[in-house]
Q: 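Below you will find the structure I want to go over with you.
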Amino acid sequence: MEKITAQVKIEKTVFSKIQNDVNAVLDLKKQIEKVLTKETTKIFEVVLSGAISLNASDIHIEPEKENVKTRIRIDGILHDVLSIEFKIYRSLLSRIKLLSGIKLNITKKAQDGRFTVLIEKDEIEIRVSVLPSEHGESIVMRILTPKKLIKIEELGIRNEIIGQFKKEIKKTNGMIIITGPTGSGKTTTLYAVLKRIQKPEIKIITIENPIEYHLEGISQTQVAPERGYNFSNGLRAIVRQDPDIILVGEIRDYETAKIALQAALTGHLVLTTLHTNDAAGTIVRLQSLGEKAINIAPSINMAIAQRLVRKVCKKCVKFFPPTKEELQMFKKELSLLEKKIKIPKMDKNLKIPKAQGCKFCNSTGYKERIGIFEFFLVDDEMENFILKSPSVSDLRKKAQKKGMILMREDGLIKVLQGMTTLEEVKRVVTD
């Protein structure tokens, strides 16, 4: 393992061995314990290789009073790996700071950096955040694996809507907004769209904070507030570059909203994200930033809200008949949808999955995640309705009348289809 200008090279043979030996968090703990007496680079190599093998999204190294806790996040859930001594922690901290271009002598200030892991021809970006805490500096490393970029068909969008979704992203102007909290898969959806619509004859420019995945053939830019390049200033510059499609990482202020909506009205397809609880909330959120309904209504093509639910582990899942109360709940919430879309029969033969737990899924009962969605499309009727500045609840009711299925309903359908559990849907989406 060697450093090559902010790059870490892990030999394929070394990675393959760790990949074969590490099938669960407990395996990673054992592998790290084996090398704790060796040099820092070896420990770091095992930590990185093991986390990547387990498809972890983040590595957390957190100093506490007595020792330092290491954890990894898999499918959105944190798992304890093991505790290490402060001596090892300090060596790892220095190594990580050096690799990611973070200043070693600053310990009382939050810092960010990144480096690349090379495994043969595969490049994996590691985004690093260092934050001062009570007992030292807390380290979080976000693992950005290009292989995690998936196709639109793999997102979890229902068959009834995916055709309309593909039609909307082919339009040459307008705005598609994806909403949801941090970690709900918005970036994955945006990049899936970019991969689908990217062509040599189309110019795509992005402004992101930060750039998470590098895509060939796309001009990607990253905000740099210290140089005056923020979302609003950057978007102004991008519009002058004659793009066909613009990706705006997030709309968070009036200026950015104003320029993005104007771009959508003047012959650009704009893809962006917004922080709201549901799809109907996008209109009110844009109005709260200062925009007028008369500018919002004709600009938006589609608003999408999404969350991620864990899929049941295929190796240990078991199916049971729902309780009387659960069956009543399914019928109450989904019976009206049976006339609109195809739903598994809710009768005495119905069985739903229950999480069990095995070594393959780290005893959680779940493996990998899938999206649950709600879409509302803006046609002429919806555009006229938005011009009246309706409340979120009125807009939601109107969208439902026009065929929108709520995220919770989409989650319940996926339970009936055997993809996830009722408990998981309740955890992610409230009643």
Q: Using a 6.0 Å cut-off, check whether atom NZ of Lys171 has over 12 heavy atoms from anything other than its own residue.
A: yes
Q: Determine whether Arg236 and Glu255 satisfy the following criterion, salt bridge (Lys or Arg N to Asp or Glu O under 4.0 Å), listing intermediate values before the conclusion.
A: CA-CA 10 Å; Arg236 281 194 190 93; Glu255 282 298 316; 2.6 Å; yes
Q: Enter the distance from Phe165:CZ to Ile304:CD1 here, rounded to the nearest 0.5 Å.
A: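 That separation rounds to 4.5 Å.
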Q: Does NZ belonging to Lys342 count more than 12 external heavy atoms closer than 6.0 Å?
A: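 No.
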Q: Got Ile283 and Ile300 here, is their nearest side-chain heavy-atom distance under 4.5 Å?
A: yes
Q: What's the verdict on side-chain contact (heavy atoms from CB on, under 4.5 Å) for Phe376 and Thr282, showing C-alpha distance, side-chain angles and the deciding distance?
A: CA-CA 10 Å; Phe376 88 75; Thr282 56; 4.0 Å; yes
Q: Does the side chain of Lys314 reach to within under 4.5 Å of the side chain of Lys367, using non-hydrogen atoms?
A: no
Q: Indicate whether any N or O donor in one side chain lies under 3.5 Å from an N or O acceptor in the other, for Glu250 and Thr272.
A: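 No donor-acceptor contact under 3.5 Å links the two side chains.
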Q: Between Thr420 and Tyr366, do the side chains contain a donor N or O and an acceptor N or O under 3.5 Å apart?
A: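 Judged by distance alone, the side chains do not pair up.
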Q: Looking at Lys97 and Asn105, would you say the former's side chain and the latter's main chain have a donor-acceptor pair under 3.5 Å?
A: no
Q: Under 6.0 Å from the CG atom of Asn384, do we count more than 12 heavy atoms belonging to anything else shown?
A: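 Yes, enclosed.
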Q: Output yes when Glu424 and Lys311 qualify as a salt bridge under the 4.0 Å nitrogen-oxygen rule, no when they do not.
A: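 No, Glu424 and Lys311 are not salt-bridged.
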Q: Could you tell me whether Glu216 atom CD has more than 12 heavy atoms of other residues or ligands within 6.0 Å of it?
A: no
Q: How about Thr206 and Ile246: do any of their side-chain heavy atoms sit closer than 4.5 Å?
A: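 Result no, sub-4.5 Å side-chain heavy-atom pair not found.
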Q: Is the closest side-chain donor-acceptor distance between Thr364 and Asn362 under 3.5 Å?
A: no
Q: Between Lys258 and Glu291, is the closest basic N to carboxylate O distance under 4.0 Å?
A: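 The answer is no: the pair does not qualify as a salt bridge.
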Q: Under the salt bridge (charged side-chain N to carboxylate O under 4.0 Å, His left out) definition, can you give me all pairs with a residue in residues 387-400, not counting sequence neighbours?
A: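 Listed by first then second residue: Asp278-Arg396, Glu381-Lys398.
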Q: Answer yes or no: is there a donor N or O on one side and an acceptor on the other, between the side chain of Ser288 and the main chain of Arg285, under 3.5 Å?
A: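 At least one qualifying donor-acceptor pair exists.
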Q: Can you give me the closest heavy-atom contact between Thr421 and Pro353, atom names plus distance?
A: CG2-O, 3.6 Å
Q: Can you find a pair of side-chain heavy atoms, one from Leu144 and one from Arg127, that are under 4.5 Å apart?
A: yes
Q: State whether the number of non-hydrogen atoms from other residues, nucleotides or ligands found under 6.0 Å of Asn20 atom CG is greater than 12.
A: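 Above 12, so yes.
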Q: Find out whether Val25 and Val81 are in side-chain contact, i.e. whether some heavy atom of one side chain is under 4.5 Å from a heavy atom of the other.
A: yes
Q: Under a 3.5 Å cutoff, is there a donor and acceptor pairing between the side chains of Thr189 and Gln306?
A: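 Checked: Thr189/Gln306 side chains pair up, N/O donor to acceptor below 3.5 Å.
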Q: Taking all heavy atoms of Val428 and all of Arg307, pick out the closest pair and write down the distance.
A: CG1-CB, 3.3 Å
Q: Could you tell me which non-hydrogen atom of Ala305 sits nearest to which non-hydrogen atom of Ala279, and how far apart they are?
A: CB-N, 3.3 Å
Q: Is any side-chain heavy atom of Gln417 closer than 4.5 Å to a side-chain heavy atom of Ile413?
A: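 Yes, close enough: below the 4.5 Å cut-off.
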Q: Taking C-beta and beyond as the side chain, do Asn301 and Leu269 meet within less than 4.5 Å on heavy atoms?
A: yes
Q: Can you see which heavy atom on Tyr89 is nearest to which on Gly136, and at what distance?
A: OH-C, 3.8 Å
Q: Looking at Asp75 and Arg310, is any side-chain nitrogen of the basic one under 4.0 Å from a carboxylate oxygen of the acidic one?
A: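 A salt bridge is absent here (no side-chain N lies under 4.0 Å from a carboxylate O).
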Q: Hey, are Lys42 and Glu45 close enough for a salt bridge, meaning a charged N less than 4.0 Å from a carboxylate O?
A: yes
Q: Give a yes or no on whether the backbone of Leu406 and the side-chain of Asp410 come within a donor-acceptor separation of less than 3.5 Å.
A: no
Q: For Phe330, is there any backbone N or O sitting under 3.5 Å from a side-chain donor or acceptor partner on Glu333?
A: no
Q: Take a 6.0 Å sphere around CD1 of Ile294 and say whether it holds more than 12 heavy atoms from other residues, nucleotides or ligands.
A: no
Q: Any side-chain heavy atom of Asn233 sitting closer than 4.5 Å to one from Asn230?
A: yes
Q: If you take all heavy atoms of Arg408 and Val425, which pair is closest and at what distance?
A: O-CG1, 4.2 Å
Q: Donor-acceptor check, side chain of Ser299 to backbone of Asn295, threshold 3.5 angstrom: yes or no?
A: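 Confirmed, Ser299 side chain pairs with Asn295 backbone.
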Q: Which heavy atom in Ile202 sits nearest to a heavy atom in Ile197, and how many Å separate them?
A: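 Taking Ile202 first and Ile197 second, the nearest heavy atoms are CD1-O, 3.7 Å.
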Q: For the CG atom on Asp58, are there more than 12 heavy atoms of other groups (residues, nucleotides or ligands in this structure) within a distance under 6.0 Å?
A: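 Counting neighbours around CG of Asp58, more than 12 heavy atoms of other residues, nucleotides or ligands fall under 6.0 Å, so yes.
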Q: Taking the side chain from His60 and the backbone from Thr70, do they hold a donor-acceptor pair closer than 3.5 Å?
A: no
Q: Around Lys315, counting heavy atoms of other residues, nucleotides and ligands shown, do more than 12 lie under 6.0 Å from its NZ?
A: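 No - once you tally the heavy atoms of other residues, nucleotides and ligands closer than 6.0 Å, there are 12 at most.
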Q: Between Glu137 and Lys109 (side chain of the first, backbone of the second, donor and acceptor by atom type, cut-off under 3.5 Å), is there such a pair?
A: no
Q: Determine whether Arg158 and Glu160 satisfy the following criterion, salt bridge (Lys or Arg N to Asp or Glu O under 4.0 Å), listing intermediate values before the conclusion.
A: CA-CA 5 Å; Arg158 293 187 324 280; Glu160 297 84 8; 3.4 Å; yes
Q: Applying side-chain contact (heavy atoms from CB on, under 4.5 Å), name anything that partners Lys69, two or more places apart in sequence or on another chain.
A: Glu62, Glu64, Arg71, Asp80
Q: Quick check against the 3.5 Å criterion: does Glu11 have a side-chain atom that pairs as donor or acceptor with the backbone of Lys9?
A: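 No; judged by distance alone, with no hydrogens or angles, the pair does not exist.
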Q: Taking Asp244's backbone N and O only, do any of them form a donor-acceptor pair with Asn173's side chain (distance below 3.5 Å, no angle check)?
A: no
Q: Any idea how Phe115 and Phe44 line up, ring-wise: parallel (<30°), tilted (30 to 60°), or perpendicular (>60°)?
A: tilted
Q: If you round to the nearest 0.5 Å, how far is CD1 of Ile177 from CG of Leu274?
A: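 Reported to 0.5 Å precision, the distance equals 5.5 Å.
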Q: Indicate yes or no for a side-chain donor-acceptor contact from Glu374 to the backbone of Met407 under 3.5 Å, with no hydrogens or angles considered.
A: yes
